[in-house]
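Step one of this worksheet: look at the structure below.
Note on naming: letters A, B, ... go to the chains in the order of the sequence lines (proteins, then strands), and numbering restarts at 1 for each one.
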Number of protein chains: 2
Amino acid sequence: MHTYTEENYLKAIYKLSEHSEEEVTTNAIAELLETKSSSVSDMLRKLAEKDLIHYTKYRGVTLTEAGRQVAVRIIRKHRLWEVFLVEKLGLGWEEVHPMAEELEHIDFERLIERLDAFMGYPKRDPHGDPIPSASGEVEMPRSCKLSEMNLATPLLVTGISNHTTAFLQYLDKLDLGLGTKLVIDEIMPFDRSMLVTINQGKQLHLSHEVAKNILAVVSESQR
Amino acid sequence: MHTYTEENYLKAIYKLSEHSEEEVTTNAIAELLETKSSSVSDMLRKLAEKDLIHYTKYRGVTLTEAGRQVAVRIIRKHRLWEVFLVEKLGLGWEEVHPMAEELEHIDFERLIERLDAFMGYPKRDPHGDPIPSASGEVEMPRSCKLSEMNLATPLLVTGISNHTTAFLQYLDKLDLGLGTKLVIDEIMPFDRSMLVTINQGKQLHLSHEVAKNILAVVSESQR
DNA sequence: CTATAAATTTAGACAGGTCTAAAAATAAGT
DNA sequence: ACTTATTTTTAGACCTGTCTAAATTTATAG
């Protein structure tokens, strides 16, 4: 098995390369893991030695297939635990991330398998992110940032790309969550904030920053 | 919070002093944790500095109240997770110990509380051990080793004091578990092995070693 | 193309834990 | 009580992962 720390590095690299084909930079990793780039640099050398990443000095890194498998497996566990914490224990979606952050490192094949079965083989976690399969496949949802979508089109919220407690609590207050239907009524040119109507009722004002972290698809039911 | 390692030391000291008032020796800890006594000695110094143990060089250790609280809390989590793994996930009592060994270090008050509630506030884990309360009280069961009990008395199995996979699998094969009613028919003087009848049916031959690890009480129903 | 800025890597130190080997303290036998 | 055996502790080395400070490489602006 890999150390707790190695696993966190691999997960960080996975997350940083998930939405772009680019090489991941040392600084980006350092920022995400809240550590110094010198520490990252050191660890990258070690991960490369173990063939978990492709690494050329000063050029950034990508995961090898072995590294990707490790990362995806961690993410699978993280998301399964989140479903458990929310669905079974009744914890809030805004508080489960740090718990799952620790649970994800516990590695017993039978435990994961039973946990998956116990929850009925869920496909998404409470934030709408896809749960990788046991064999490491990840179904990448084709949702877009709300900030990049068109006016007057019926949309469905399918994901949240910022899992901080503060952000999720804010969404709760707004009464906006996964499955919320909404339409963009207007976009303010000066700050790119938007007015949206949710569930054919309340109208909300969302900043661009907020809209960037909400993922949505064009609503099937009305297209 | 304390490190994973510190927690394991405190838990080990707790377990070693649970059934006797004696000071716990360096060697005993080393054996339980499968480490060298020099490492233990080092760690004891550190734990004493943090006021988690009472330590006089060459004289062994006992837990301080603070140390006991930490240990009991770990054990509470361990046993709650074991109940979850067996009752909810359907894992076998012989395979959950190593999993709980890792889960026990995860420390979120709300998680523990919810887990406890989810299982209906169980009082015992799947091996019959008492689950400490949130405030750190442990109800010490007054059961005795089967090896020390009398012939021809109706007994009830209430606990198992060896949690190894091999031992628990052996008990499964014998069809002997918590709640099994039994009577000691005969004790062989030369090796102290015994013949017992379980559930008013099958007769089994148990070695002294096995009988030492089975805990029982005189059966209420027939006394 | 060169000078400076930014990003990255190396060097050296440190903290937590572990080990082996050696020293010190306690326990036991006669 | 004295010598030996056992237990425990100390000393010194090593490994993982972190940091700061300094050096190096790559990127950028004239």
**Request:** Would you mind reading off the distance between B:Glu31 atom CD and D:dT8 atom P, rounded to a whole angstrom?
**Result:** 11 Å

**Prompt:** Between atom CD1 in A:Ile29 and atom C1' in D:dG17, what is the gap in whole Å?
**Reply:** 15 Å

**Message:** Donor-acceptor pair, distance only, cut-off 3.5 Å: does the side chain of A:Thr64 make one with the backbone of A:Asp51?
**Reply:** yes

Does the side chain of [X] pick up a donor-acceptor pair with the side chain of [Y] at under 3.5 Å?
{"X": "B:Trp93", "Y": "B:Asp125", "result": "no"}
{"X": "B:Ser20", "Y": "B:Glu22", "result": "no"}
{"X": "B:His105", "Y": "B:Glu7", "result": "yes"}

**Any A:Ser39 side-chain nitrogen or oxygen under 4.0 Å from OP1 or OP2 of D:dT18** = no

**Asked** Can you tell me if the side-chain N/O atoms of B:Lys57 get under 4.0 Å from OP1 or OP2 in D:dT10?
**Response** yes

**Message:** Can you pull out the residues from residues 3-28 of chain B that lie within a 4.0 Å heavy-atom distance of DNA chain D?
**Reply:** B:Thr25, B:Thr26, B:Asn27

**Request:** Go through the structure and list residues passing side-chain hydrogen bond (donor to acceptor under 3.5 Å, both in side chains) with A:Glu34, not counting sequence neighbours.
**Result:** none

**Request:** List for me each residue that meets side-chain hydrogen bond (donor to acceptor under 3.5 Å, both in side chains) alongside A:Glu104, sequence neighbours excluded, and say none if there are none.
**Result:** A:Lys11, A:His78

**Message:** For A:Glu18, I'd like to know if atom CD has over 12 heavy atoms of other residues, nucleotides or ligands within 6.0 Å.
**Reply:** yes

**Request:** Please lay out, stage by stage, how B:Phe84 and A:Phe84 fare under the test ring pair (Phe, Tyr, Trp, His ring centres under 6.0 Å).
**Result:** CA-CA 12 Å; B:Phe84 167 73; A:Phe84 167 74; 4.9 Å; yes

**Message:** Distance under 4.0 Å to a non-hydrogen atom of chain A counts as contact; along DNA chain C, which nucleotides mark the start and end?
**Reply:** C:dA7 to C:dT10

**Nearest non-hydrogen partners of B:Glu82 and B:Ala100, listed with the distance** = CG-CB, 3.5 Å

Can you check nucleotides 27-29 of chain D for protein contacts, nitrogen or oxygen pairs under 3.5 Å, and list what you find?
| unit_1 | atom_1 | unit_2 | atom_2 | d |
| --- | --- | --- | --- | --- |
| D:dA27 | OP1 | A:Arg59 | NH2 | 2.9 |
| D:dA27 | OP2 | A:Arg59 | NH2 | 3.4 |

**Prompt:** Quick one: ring pair (Phe, Tyr, Trp, His ring centres under 6.0 Å) partners of B:Tyr170, sequence neighbours excluded?
**Reply:** none

